[in-house]
S.K.: 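Structure provided below as structure tokens; questions to follow.
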There are 2 protein chains.
Amino acid sequence: MKPARPDHVFRALADPTRRAIFEELTRQGEQTVHALTHYAGISQPAVSKHLTVLKRAKLVHPRRLGRETHYRAQPDALAPMVDWLNLYGAFWRDRFDRLEALLERMEP
Amino acid sequence: MKPARPDHVFRALADPTRRAIFEELTRQGEQTVHALTHYAGISQPAVSKHLTVLKRAKLVHPRRLGRETHYRAQPDALAPMVDWLNLYGAFWRDRFDRLEALLERMEP
DNA sequence: CCAATCAATAACCAAACGGTTATGGTTTCA
DNA sequence: TGAAACCATAACCGTTTGGTTATTGATTGG
């Protein structure tokens, strides 16, 4: 799956409630909107809107089951953020690049 | 230096102009507010406000030289974001953890 | 010394944001 | 079959945000 634009990913994760929802989905696995609403402690429409933003960033994926929608986290959608850190997080980049090169030599 | 709160880092990097400023500082090194203003193509006060947000996240550090202030990027302030990705970016985490472990065995 | 330069702050504004309540469309099941 | 459950969308609202111009304080250089 083609990743979303970096801007959408950064934007989506800027809000603490949205991060919390994403975290909850990665920890506990797939959840209905109902469950997430209970977890987040805000209204159901508010949760739906957050999920829309996360969907735009491809960080979550919906699965319709009858009248309920189950959402799951899509961790590989974080790739644009990881790539950005790779480019501009100099200190950490060096480590990672060296390791990446290493890995490639070891597991062709 | 103790890192800033994750929320400040995520917030600061959510804005594309702020990311661009940070990128420019990591690429070209230390810059005056004047130079950054020219680069960003917005007003000087706007740049100053962006720099304030980046400062709060400890992503940039100012150095007063006479009447000009030179800012430099502080890439290790990205640590809170990297840590978060380590916790919740499952797919990528595996890669990184494997690599990290490797490095440790190789460079004690 | 004094005019100009640099950067931060203040005051202001439109747009975006994060929340709410109200509504509507499906789907379930008693 | 009809009421209730689930979720998305609409309409609305106060606050935050990203920008502007105006101002001020400090520093420099002719």
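Every chain is numbered from 1 and lettered A, B, ... according to where its sequence line falls, protein lines coming before strand lines.
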S.K.: From the set D/dG19, D/dA22, C/dA7, return the single nucleotide nearest to any side-chain atom of B/H50.
M.R.: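 Nearest to the side-chain atoms of B/H50, counting from C-beta on, is D/dG19.
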S.K.: Could you tell me the separation between the CD atom of B/Q44 and the C1' atom of D/dT21, rounded to a whole number of Å?
M.R.: 12 Å
S.K.: Does B/V53 or A/L51 map to a spot on DNA chain D nearer the 5' end, using the closest nucleotide for each?
M.R.: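 The residue mapped nearer the 5' terminus is A/L51.
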S.K.: Measure from NE2 on B/H38 to C1' on C/dT5 and round the result to the nearest Å.
M.R.: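 Going from B/H38 (NE2) to C/dT5 (C1'), I get 17 Å.
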S.K.: Does any part of the side chain of B/V33, heavy atoms only, come nearer than 4.5 Å to the side chain of B/Q44, both counted from C-beta?
M.R.: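 Yes, at least one pair of side-chain atoms sits under 4.5 Å.
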S.K.: Could you tell me if the side chain of B/I21 sits less than 4.5 Å from the side chain of B/L25, heavy atoms only?
M.R.: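 They are in contact (side-chain heavy atoms under 4.5 Å apart), so the answer is yes.
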S.K.: Using heavy atoms and a sub-4.0 Å distance, could you list which residues of residues 66-74 of chain A are near DNA chain D? By number, please.
M.R.: A/R67, A/E68, A/T69, A/Y71
S.K.: For B/I42 and C/dA7, give me the distance from atom CD1 to atom P, rounded to whole Å.
M.R.: 14 Å
S.K.: For A/H70, is the NE2 atom crowded, meaning more than 12 foreign heavy atoms sit under 6.0 Å from it?
M.R.: yes
S.K.: If only side-chain N and O atoms count, and only distance matters, is there a donor-acceptor pair under 3.5 Å linking A/R27 with B/Y88?
M.R.: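 Looking only at side-chain atoms, A/R27 and B/Y88 do form a donor-acceptor pair, the distance falling under 3.5 Å.
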S.K.: Given C/dA7, D/dT21, C/dT20, which nucleotide is nearest the side-chain atoms of A/S43?
M.R.: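 Nearest listed nucleotide: C/dT20.
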S.K.: Looking only at atom types and distance, does a side-chain atom of B/R18 sit under 3.5 Å from a main-chain N or O of B/R11, one as donor and one as acceptor?
M.R.: yes
S.K.: Does the structure place the NZ or CZ of A/R63 under 6.0 Å from the centre of the six-membered ring of A/Y71, at an angle of no more than 45° from the ring's axis?
M.R.: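 Not flagged: A/R63 not positioned over aromatic ring of A/Y71.
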S.K.: Using the ring pair (Phe, Tyr, Trp, His ring centres under 6.0 Å) criterion, which residues pair with A/F22? Sequence neighbours excluded.
M.R.: B/W84
S.K.: Tell me, do B/V53 and B/R56 make a side-chain contact under 4.5 Å, heavy atoms counted?
M.R.: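 B/V53 vs B/R56: side chains touch.
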S.K.: How many Å lie between CZ on A/R63 and C1' on D/dC7, as a whole number?
M.R.: 16 Å
S.K.: Within this structure, what is the OG-NZ distance for the pair A/S43 and A/K49, rounded to the nearest 0.5 Å?
M.R.: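 Result: 8.0 Å between the selected atoms.
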S.K.: Could you list by number each residue of residues 7-37 of chain A showing a heavy-atom separation from DNA chain D of less than 4.0 Å, or answer none if no residue does?
M.R.: A/T32, A/V33, A/H34
S.K.: Hey, which of these two, A/K49 or A/L65, hits DNA chain C nearer its 5' end, going by closest nucleotide?
M.R.: A/K49
S.K.: Find the distance B/R56:CZ to D/dT16:C1' and express it as a whole number of Å.
M.R.: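 From B/R56 CZ to D/dT16 C1': 11 Å.
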